[in-house]
Asks: 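Dropping the structure in here first, questions after.
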Amino acid sequence: MSKLDLSQFEKKIEVRNIQKEDIEQILKLQQICFPGMEPWKKEHLESHLDIFPEGQFCVELEGEVIGSCSSLIVNFDEYDDQHTWDDITDEGYITNHDPEGYNLYGIEVMVHPDYRGLKIGRRLYEARKELAQQLNLKSIVIGGRIPNYYKHKDEMSPRTYVQEVMNQNLYDPVLTFQIMNGFTVMRLNPNYLPDDKASQRYATLMEWNNVDYRPTTKRYFKTSYPVRITAIQYMMKNIDSFQEFTRQVEYYVDVASDFGSDFAVFPEIFTTQLMSIIDEKIPSKAVRKLSDYTEEYIELFTHLAVKYNINIIGGSHFVEEEEHKVYNISYLFRRDGTIEKQYKIHITPNERKWWGIQAGDTVKVFDTDCGRIAIQICYDIQFPELARYAVDQGANIIFCPFCTDDRQGYLRVRYCAQARAVENQVYTVIAGTVGNLTQVENMDIQYAQSGIFTPSDFEFARDGIVGECHPNIETVVVGDVDLEVLRRQRRSGTVRQLRDRRKDLFETNYKQLSTEIVTND
């Protein structure tokens with residue numbers, strides 16, 4: 001038997017960095033792997049190679065590119081929990097790549113269907129892990145598709161589907177693979193890839209932690225996350241119709257939008273202005289008639305949030321719910337059209353006496369496109385436990401709609417809002433009513449000076465005041481707060497109240513109080 005030429009059996013497979021001459025093959029590969037989805041453009045891949053060439057990998061077999069993956073480095077703390085693929089990739093160009101970041105973010109993995117089963121995907125994932133270790137990055141984060149979900153969308157929610165896959169009761173070609181490669185599910189993001197119909201636009205946010213990571217020298221960050229806020233000092237005056245109320249409200253939202261604001265904040269129970277068109281003088285009955293406007297109020301603010309592309313804290317409104325109980329509720333109207341609500345937890349003696357208002361029992365923290373926020377209605381800001389809980393759950397801004405009838409009441413709200421900002425290293429915003437409603441019982445006069453407050457340290461405004469209105473006039477205050485400055489200050493400020501708490505000596509326990517983090521999904 002003649003000696004075998006082993007070279008004729010060899011198949012050379014290589015994992016390497018992508019080169020510019022590979023771009024055409026990768027574009028064709030993507031059309032094969034993801035039919036019906038918008039493919040890369042040549043400019044995208046050229047940008048990847050110009051910005052972060054070491055983070056782009058491909059697998060070559062006998063001169064043919066049969067798999068590839070793309071990635072960038074980010075400081076993941078800078079991104080909202082509900083970010084999209086476009087957010088994290090700067091629409092595919094990765095110009096937001098941060099060499100000083102802590103996390104490798106994987107934005108694409110594809111393997112030619114004819115070569116699946118050769119562990120091509122695993123080779124690409126291993127290349128990423130080696131890169132993360134070489135660059136001493138904390139972790140790898142990915143937004144993973146769930147392409148088999150469309151088969152089960154009528155019988156289970158995406159959360160249930162993900163859990164079933166994690167329990168190995170269902171198989172998903174992407175999610176199952178990622179779990180087997182050491183990634184853990186962090187959360188579920190909606191609208192991650194708008195053209196991913198198979199996943200119903202959902203994606204699992206997953207992470208692999210680099211156990212070899214070692215903290216290094218101090219990394220420097222620039223001011224990078226400004227959020228603009230308009231606090232509305234709303235004039236309470238008699239009106240003749242809901243349409244007149246609508247015109248006044250839309251005027252303020254238009255003003256906030258013209259300033260490029262991310263949030264517009266209305267005051268507590270400013271909708272009692274509608275009592276001036278209600279033919280009822282007994283307060284406890286008038287408040288129930290006011291509740292009849294709830295649907296119109298919600299429709300109005302949902303429309304304005306979307307129309308003007310702004311998140312609106314809709315002050316608060318009296319709502320009659322089950323068993324004829326009336327609550328003081330503040331609504332968050334996101335600019336994507338979604339709605340959340342926060343019940344007032346602490347009810348003042350005046351609210352009980354005149355209107356019979358009931359207390360809520362759930363403290364919520366909301367995800368928005370500008371980070372996590374909380375809403376604490378007037379009296380609630382005077383109880384420090386609520387703000388401490390909200391910040392512990394990730395809140396960076398606490399909005400406080402208020403309504404006070406004298407200077408003493410206003411100062412209680414203001415001083416406590418500033419105290420919460422200092423002791424929790426958080427931004428606080430107060431928005432109050434001014435003017436009077438001469439025909440409405442128990443809403444006779446108003447006193448307010450709305451403002452935006454910060455912690456007290458060198459990085460912030462000298463007096464801890466971003467801006468404030470002149471007292472007792474109809475106006476707005478507009479100001480910018482920066483979430484990146486806040487993050488840095490919490491970590492390395494002159495004082496660090498959150499980090500330096502003596503948890504060995506004291507802690508806060510919430511008894512029979514429901515707490516909840518509300519994500520936008």
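Here the structure is a predicted model, which means the values were calculated and not measured.
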Asks: Can you check side chain to side chain contact (heavy atoms under 4.5 Å, CB included) on V440 and T272, steps first, answer last?
Replies: CA-CA 8 Å; V440 178; T272 53; 5.6 Å; no
Asks: Answer yes or no: is there a side-chain heavy-atom contact under 4.5 Å between V165 and T176?
Replies: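 Counting from C-beta outward, V165 and T176 do come under 4.5 Å.
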Asks: Tell me if the aromatic rings of Y379 and F402 count as close, with their centers under 6.0 Å from one another.
Replies: no
Asks: Without swapping roles, check the side chain of T433 against the backbone of C403 for a donor-acceptor pair under 3.5 Å.
Replies: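 No; zero donor-acceptor contacts below 3.5 Å.
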Asks: Could you measure the distance from the CZ atom of R502 to the CZ atom of F506? Nearest 0.5 Å is fine.
Replies: 8.0 Å
Asks: Backbone N or O of F76 within a donor-acceptor pair of the N103 side chain at under 3.5 Å?
Replies: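 Pair found, side chain donor or acceptor close to backbone of F76.
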Asks: Using a 3.5 Å distance criterion without hydrogens, assess whether the side chain of Q248 forms a donor-acceptor pair with backbone atoms of M235.
Replies: yes
Asks: Let's go through V249 and L304 carefully: what are the C-alpha distance in whole Å and the side-chain angles of both, what is the deciding distance for side chain to side chain contact (heavy atoms under 4.5 Å, CB included) to 0.1 Å, and is it a yes or a no?
Replies: CA-CA 9 Å; V249 167; L304 294 177; 3.7 Å; yes
Asks: Let me see the working for D367 and R372 under salt bridge (charged side-chain N to carboxylate O under 4.0 Å, His left out), right down to the final yes or no.
Replies: CA-CA 5 Å; D367 275 332; R372 283 186 176 170; 2.9 Å; yes
Asks: Could you tell me whether the side chain of R352 and the main chain of I347 form a donor-acceptor pair under 3.5 Å?
Replies: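 Looks like yes, one N/O pair under 3.5 Å.
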Asks: Please tell me whether Y202 and Y161 form a close aromatic pair, meaning their ring centres lie under 6.0 Å apart.
Replies: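 No, they do not, as the ring centres are separated by 6.0 Å or more.
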Asks: G479 and V466: which non-hydrogen atoms are nearest, and at how many Å?
Replies: CA-CG1, 3.7 Å
Asks: Would you say the ring centers of F318 and Y327 fall short of 6.0 Å from each other?
Replies: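 Distance test on ring centres: not under 6.0 Å, no.
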Asks: Using the salt bridge (charged side-chain N to carboxylate O under 4.0 Å, His left out) criterion, which residues pair with D480? Sequence neighbours excluded.
Replies: R228
Asks: For G464 versus Q418, what's the shortest heavy-atom pair and its separation?
Replies: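 Heavy-atom minimum between the residues: O-NE2, 4.4 Å.
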Asks: Do H303 and F333 have ring centroids that are under 6.0 Å from one another?
Replies: no
Asks: If you count every heavy atom of other residues, nucleotides or ligands that lies below 6.0 Å from Q168 atom CD, does the total exceed 12?
Replies: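 Count not over threshold, so no.
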Asks: Please indicate whether D279 has more than 12 foreign heavy atoms, meaning atoms of other residues, nucleotides or ligands, lying under 6.0 Å from its CG.
Replies: no
Asks: I need the single residue from I373, D262, L486 that forms a side chain to side chain contact (heavy atoms under 4.5 Å, CB included) with I397. Which is it?
Replies: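 Of the listed options, the one satisfying the test is I373.
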Asks: Treating R288 as the side-chain partner and S284 as the backbone partner, does any N or O pair qualify as donor plus acceptor under 3.5 Å?
Replies: yes
Asks: Quick one: CD on Q497 to CG on D457, what's the gap to the nearest 0.5 Å?
Replies: 8.0 Å
Asks: Mind checking whether D405 and Q446 have side chains closer than 4.5 Å, heavy atoms only?
Replies: no
Asks: Quick one: do E423 and R388 make a salt bridge, cutoff under 4.0 Å?
Replies: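 No salt bridge links E423 with R388.
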Asks: State whether the side chain of D254 and the backbone N or O of E250 hold a donor-acceptor pair below 3.5 Å, judged by distance alone.
Replies: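 Answer holds: no.
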Asks: Got a second to check how far Q425's CD is from R487's CZ, nearest 0.5 Å?
Replies: 13.0 Å
Asks: With side chain to side chain contact (heavy atoms under 4.5 Å, CB included) as the test, would you mind laying out the steps for L332 and T368 before giving the verdict?
Replies: CA-CA 10 Å; L332 164 63; T368 73; 4.2 Å; yes
Asks: Return the minimal non-hydrogen interatomic distance between D380 and I345, and the atom names on each side.
Replies: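 Between these two residues, the closest heavy atoms are OD2-N, 2.9 Å.
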Asks: Using ring centroids (six-membered ring only for Trp), state whether Y234 and Y252 fall under 6.0 Å.
Replies: yes
Asks: Please walk me through it: do H83 and N189 pass side chain to side chain contact (heavy atoms under 4.5 Å, CB included)?
Replies: CA-CA 7 Å; H83 67 268; N189 282 21; 3.9 Å; yes
Asks: If you look at every heavy atom in T454 and A421, which pair is closest and at what distance?
Replies: O-CB, 3.6 Å
Asks: Can you check whether S139's main-chain N or O pairs, donor with acceptor, with W208's side chain at less than 3.5 Å?
Replies: no
Asks: Does E280 pair with K285 as a salt bridge, N-O distance under 4.0 Å?
Replies: no
Asks: Under the 3.5 angstrom rule, does the side chain of D195 hit a backbone N or O of E38 as a donor-acceptor pair?
Replies: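 Indeed, once roles are kept as given, a pair shorter than 3.5 Å links the two residues.
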Asks: Does a salt bridge link R335 with D369, judged by any charged N lying under 4.0 Å from a carboxylate O?
Replies: yes
Asks: Which heavy atom of Q489 sits nearest to which heavy atom of E459, and what is that distance?
Replies: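 Scanning both residues completely, I find the closest heavy atoms to be CG-OE1, 3.7 Å.
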Asks: If you take all heavy atoms of I377 and N328, which pair is closest and at what distance?
Replies: CD1-O, 3.7 Å
Asks: Please assess F266 against F301 for the test ring pair (Phe, Tyr, Trp, His ring centres under 6.0 Å), listing each intermediate value before the final yes or no.
Replies: CA-CA 11 Å; F266 283 84; F301 276 88; 5.3 Å; yes
Asks: Supply the atom-to-atom distance M206 CE to T184 OG1, rounded to the nearest 0.5 angstrom.
Replies: 6.5 Å
Asks: When rounded to the nearest 0.5 angstrom, what distance separates CG in N238 from CD in Q439?
Replies: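 It comes to 4.5 Å.
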Asks: Do the ring centers of Y410 and Y415 come within less than 6.0 Å of each other?
Replies: no
Asks: Is it true that, when you exclude Y308 itself, more than 12 heavy atoms of the residues, nucleotides or ligands shown sit nearer than 6.0 Å to its OH?
Replies: yes
Asks: Check ring-ring contact (aromatic ring centres under 6.0 Å, His included) between Y150 and all other residues, then give those that pass, not counting sequence neighbours.
Replies: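 Expected list: none.
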Asks: Is it true that a side-chain atom of S330 and a backbone atom of Q342 form a donor plus acceptor pair closer than 3.5 Å?
Replies: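 Not a single qualifying donor-acceptor pair exists.
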Asks: Quick one: NZ on K289 to CD1 on I277, what's the gap to the nearest 0.5 Å?
Replies: 12.0 Å
Asks: Just do the ring pair (Phe, Tyr, Trp, His ring centres under 6.0 Å) check on F245 and F270 with the steps written out, would you?
Replies: CA-CA 10 Å; F245 172 77; F270 77 108; 5.7 Å; yes
Asks: Indicate yes or no for a side-chain donor-acceptor contact from N472 to the backbone of A448 under 3.5 Å, with no hydrogens or angles considered.
Replies: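 Yes, the answer is positive, given that a donor and an acceptor are paired below the 3.5 Å cut-off.
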Asks: My understanding is that only residues two or more places apart in sequence, or in another chain, count here; which of them pass salt bridge (charged side-chain N to carboxylate O under 4.0 Å, His left out) with K341?
Replies: E321
Asks: Mind checking whether I452 and Y427 have side chains closer than 4.5 Å, heavy atoms only?
Replies: no
